[in-house]
Novice: 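I have a structure here, written as structure tokens, and I will follow up with some questions on it.
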Amino acid sequence: MMSDADYIHGFYSNNNAIISRFYRENERTFKAFFREHFGKSDDYLDDLFQESCVVMWQNITSGKLSIHNLTSSLSTYFTSIGKYSLMAKDRKYKEIANDTEIQKLDFVEDDAQELEKRIEREDFVDRMVGDMKPPCSQILQMFYFDKKKGEEIAEAMGYANTDTVKTQKYKCMQKLKPLLAKFNAL
Amino acid sequence: MAENQNIEERIDRYLLRQMEPIERLEFEADLLNDPALKEEFEIQRTIFESVQRVGMRRSIQSIAEEHDSVSVFGRIKAFFSESQSRGRTFSYAFAVAACVSCVCIVSLRLNTAANFRTIGAECYAELSVPIARSSDEIADKIAEAYDLIGADELDSAQTLVDAANALLAYDNQQFESAEQAEYYEALRQGYQEDLEWYQAIIYMKEGKVGKAMKMLKSIAKNNGTYAEEATNILSLIAIH
């Protein structure tokens, strides 16, 4: 039987089998809750559930959530993330901000404008990153997501050495940075 | 370019937590004193977080696709399609047996019982592993029943399902907030559906055709989580 600590550790270490198990065990209750209370379609609930998984994973890997500061069960925490994601997607649910469980989430922005700005920026940069073509898409994924070492990336990409990886990765970042700087200046 | 590349690599080492504690503190101090470094850091961190989000979305998406592709109905359909040739071999024997109607009825019932045993096993294989929650007796019983069904200890599993049903019927918890109460109601609904589905699986694994059909019809009618699976099983059984 897996505990909340096991799941948190599984998310932290990108363990696909554990994340998959969390997915299977929580999907039904999560969707039933949001279907009943917000009357959303199955497609909408699929997106909401997956986005909430991503947010929880981010909170765990960034150190915002650990077994030491988890104040409820992980499934309750996960439902709170779902409510917060729902509010972030659709401002007509702004009253959710008063929810007692939501108020416990320490990553929540109190300022609605700040929240909207952050979401807009994230959507923009996610689109940029998601639209990148190989080899940049592969190198950045291996470097930042899979956290592979230079030697491993060189081998996977067929490069002569890690210097080539560094140079190529630098060039990829140079494609993204000016666009992001321009967006920030707007 | 070399200097910029060095700055980028330094920021990466911080973001990827590859720095020693002292080096980390030095970097944080530099961030406070160097606006250009701070600006570069913020841009790089935004990209770093985005690559992670995009990567994780892809992982979750592939988990979702995998999850959908191994739905119980797909596996049961595969079972029936694999057994088509077996069915054809038997059809001649059935034609002969049809001459004696009572023999035929018994044969059909035996065949359905065998099919149900296979379907019950497939349905069990597809079940999510239940979570035992501390101080939640119903969840504990469901988790134990799950293990026992897997071990084919069906009588003991039945006892636990009955006990969980009884607990559910007399559960009258009070909650501090409406949110907690709402969440618990959704949980209870889930328990109820799980228990009915477990019951159907037990009947199917036992080969109790009549009881399994009755339970599946009830699940299909209630339009809950397992309604589609129950409907599909009933229609497959009707065809075969």
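Within every chain, numbering begins at 1; the chains are lettered A, B, ... in the order of the sequence lines, protein sequences first and strands thereafter. Values below: all heavy atoms of this structure, side chains included; hydrogens, waters and symmetry mates excluded.
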Novice: Of the backbone (N, CA, C, O) and the side chain (C-beta and beyond), which part of B:E42 lies under 4.5 Å from a heavy atom of chain A, both, or neither?
Specialist: neither
Novice: Of all the heavy-atom pairs spanning A:Y12 and B:R17, show the shortest one and how long it is.
Specialist: OH-CD, 4.5 Å
Novice: Are B:E8 and A:K166 side-chain neighbours, meaning at least one heavy-atom pair lies under 4.5 Å?
Specialist: no
Novice: If you count heavy-atom pairs under 4.5 Å between each of A:S20, A:S137, A:S62 and chain B, which one has the most?
Specialist: A:S20
Novice: Between A:Y23 and B:I60, which heavy-atom pair has the shortest distance, and what is it?
Specialist: CE1-CG2, 4.0 Å
Novice: Tell me whether the count of non-hydrogen atoms from other residues, nucleotides or ligands lying under 6.0 Å of CG in B:D155 goes above 12.
Specialist: no
Novice: For a 4.5 angstrom cut-off between non-hydrogen side-chain atoms, does B:Q52 reach A:W57?
Specialist: yes
Novice: Please give me the minimum heavy-atom distance between B:R53 and A:V54, naming the atom from each residue.
Specialist: CG-CG1, 3.9 Å
Novice: Less than 4.5 Å apart, side chain to side chain, heavy atoms only: is that true for B:D12 and A:F143?
Specialist: yes
Novice: What option among A:T61, A:D126, A:V129 has the most heavy-atom pairs under 4.5 Å with chain B?
Specialist: A:D126
Novice: Which region of B:V54, side chain (C-beta onward) or backbone (N, CA, C, O), has a non-hydrogen atom less than 4.5 Å from a non-hydrogen atom of chain A, or is it both or neither?
Specialist: side chain
Novice: Where on B:L16 is there a heavy atom nearer than 4.5 Å to chain A: the side chain, the backbone, both, or neither?
Specialist: side chain
Novice: Check each atom of A:F49 against the heavy atoms of chain B and say whether the ones under 4.5 Å are side chain, backbone, both or neither.
Specialist: neither
Novice: Which one, A:M173, A:M128, A:Q141, leads in non-hydrogen pairs under 4.5 Å with chain B?
Specialist: A:M173
Novice: For B:L32, does the CG atom sit with more than 12 other heavy atoms under 6.0 Å from it, leaving out its own atoms?
Specialist: yes
Novice: Is it the side chain or the backbone of B:E49 that comes within 4.5 Å of chain A heavy atoms, both, or neither?
Specialist: both
Novice: Where does B:Q61 contact chain A at under 4.5 Å (heavy atoms): side chain, backbone, both or neither?
Specialist: both
Novice: Answer yes or no: does atom CD of B:E39 have more than 12 heavy-atom neighbours from other residues, nucleotides or ligands under 6.0 Å?
Specialist: no
Novice: With a cut-off of 6.0 Å (strictly less than), are more than 12 heavy atoms of other residues, nucleotides or ligands near NE2 of A:H9?
Specialist: no
Novice: What's the spacing between A:T29 OG1 and B:R188 CZ if we round to 0.5 Å?
Specialist: 14.0 Å
Novice: Say you draw a straight line from CD1 of B:I63 to CZ of A:F22; how long is it, rounded to the nearest 0.5 Å?
Specialist: 11.0 Å
Novice: At a heavy-atom distance under 4.5 Å, which candidate from A:Q174, A:K169, A:R35 has the highest pair count against chain B?
Specialist: A:K169
Novice: Can you tell me how far CD1 of B:I43 sits from CG of A:L179, rounded to the nearest 0.5 angstrom?
Specialist: 10.5 Å
Novice: So, do B:D194 and A:R28 sit near enough that their side-chain heavy atoms are less than 4.5 Å apart?
Specialist: yes
Novice: Once you round to the nearest 0.5 Å, how far does CG of A:L180 lie from OG of B:S50?
Specialist: 9.0 Å
Novice: I'd like to know which of A:E122, A:K147, A:E36 tops the heavy-atom pair count under 4.5 Å against chain B.
Specialist: A:E122
Novice: Is chain B contacted by the side chain of A:I19, its backbone, both, or neither, given a heavy-atom distance below 4.5 Å?
Specialist: both
